[in-house]
Every structure is written in structure tokens, then in C-alpha cells.
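The structure appears below as C-alpha cells.
Remember, predicted model here, so these are calculated numbers, not experimental data. Count residues from 1 along the sequence.
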Amino acid sequence: QVQLVESGGGLVQAGGSLRVSCAASGLTFRRYAMGWFRQAPGKEREFVAAISPSGSNTLYADSVKGRFTISRDNAENTVYLQMNSLKPEDTAVYYCAAGAVGLPSRIPDPYSYWGQGTQVTVSS
């Protein structure tokens, strides 16, 4: 049974930093591209960042480029999202996703597995 468990969310002031993690189990992690998506209240889920199975390729939404960094540790079956210079508009539930594809994707379709999400709240 595949499980993706996010952690590390919380409340932070604008300008601060936070790192969220996603621990995967039940799959061959090193064969999966991983993505982070987020959903704010009243809005659709949107792409944040993604990383290829080896970690050599990454993608970012324009809104987070230069502030967020996605990384992975295939030995620990974990993907991370380091978030710096946080803004109130970054407030959302952050979800990780896994897809058996060779390249990172901005769209949800290739991702077969999703976590339950972790809340990130940025106060002004």
C-alpha cells in the first residue's frame, strides 16, 4: 500500500522560512517523480514544484521560483520543499504527489499517488 505522509507545516510570519517533508512508503521511490501542489481556501489546487526521480531535473511555478527549493533523498524515501521569504499568499494546504514518470510535471495527471496534505499558514 502506497503512503505519502507530509509533515512540517505550521504557522510562520511573512518573510520567514519553513521546510515541509513528504515520506513515501510502499513504492520504489527512486523511480518516481515527485511533486508539490497547494490549495488555498476557495481556490483550485495549483502546482508548486516538482523533481525528477534522480533529482537532476526540477520545475517551479513562477510564483515560487527563487524562494522555494525542492529536493529529495532517495535513500530516505523523502522529498522536501524548503520555503523561504514566505508571503501570506503562500498560505495553503500543501500536498505531495508521486508519479511513475521520468520527468517532473506541472500538471496533476501523471501523479498516481497523493498525500493528505499539511497546512502552511503565513501571517502578515
Should [X] and [Y] count as side-chain neighbours, where that means a heavy-atom distance under 4.5 Å?
X      : Y     : result
Phe68  : Leu86 : yes
Val120 : Asp90 : no
Glu6   : Cys96 : yes
Arg38  : Phe47 : no

Roughly how far, to the nearest 0.5 Å, is [atom2] of [Y] from [atom1] of [X]?
X      : Y      : atom1 : atom2 : value
Ser124 : Gln13  : OG    : CD    : 9.5 Å
Gln3   : Ser25  : CD    : OG    : 4.5 Å
Lys43  : Glu89  : NZ    : CD    : 8.5 Å
Leu81  : Thr118 : CG    : OG1   : 11.0 Å

Is there a donor-acceptor pair under 3.5 Å between the side chain of [X] and the backbone N or O of [Y]?
X     : Y      : value
Asn74 : Pro53  : yes
Thr91 : Thr121 : no
Tyr60 : Ile70  : yes
Ser17 : Asn84  : no
Ser54 : Ser56  : yes
Arg31 : Leu27  : no

Would a hydrophobic clustering, with Ile, Leu, Val, Met, Phe, Trp and Tyr connected at side-chain separations under 4.5 Å, put [X] with [Y]?
X     : Y      : answer
Tyr95 : Tyr80  : no
Val64 : Trp36  : yes
Tyr94 : Val12  : yes
Met34 : Leu103 : no
Ile51 : Tyr113 : yes

Closest approach of [X] to [Y] (non-hydrogen atoms, all atoms of both residues):
X      : Y      : result
Leu11  : Ser123 : CD1-CB, 4.3 Å
Ser52  : Gly102 : CB-O, 3.7 Å
Tyr111 : Ala33  : CE2-O, 4.0 Å

Answer yes or no for Arg45 and Phe37: cation-pi contact, defined as NZ/CZ to six-membered ring centre under 6.0 Å and angle to ring axis within 45°.
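Not flagged: Arg45 not positioned over aromatic ring of Phe37.
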Is Arg72 close enough and on-axis enough to Phe29, meaning under 6.0 Å and within 45°, for cation-pi?
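Judged by the rule (NZ or CZ under 6.0 Å from the ring centre, within 45° of its axis), Arg72 counts as positioned above Phe29.
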Got more than 12 heavy atoms from elsewhere within 6.0 Å of CD, Gln116?
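Atom CD in Gln116 is not crowded, with 12 or fewer foreign heavy atoms closer than 6.0 Å.
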Could you walk me through whether Asp62 and Lys65 satisfy the salt bridge (Lys or Arg N to Asp or Glu O under 4.0 Å) test, starting with their C-alpha distance in whole Å, then the side-chain angles of each, then the deciding distance to 0.1 Å, before giving a yes or no?
CA-CA 5 Å; Asp62 288 345; Lys65 200 173 294 183; 3.4 Å; yes
Is there a side-chain hydrogen bond (donor to acceptor under 3.5 Å, both in side chains) between Asp73 and Thr78? Walk through the geometry before answering.
CA-CA 5 Å; Asp73 185 338; Thr78 302; over 6 Å; no
Evaluate side chain to side chain contact (heavy atoms under 4.5 Å, CB included) for Val5 paired with Cys22, printing each intermediate quantity in order.
CA-CA 5 Å; Val5 180; Cys22 173; over 6 Å; no
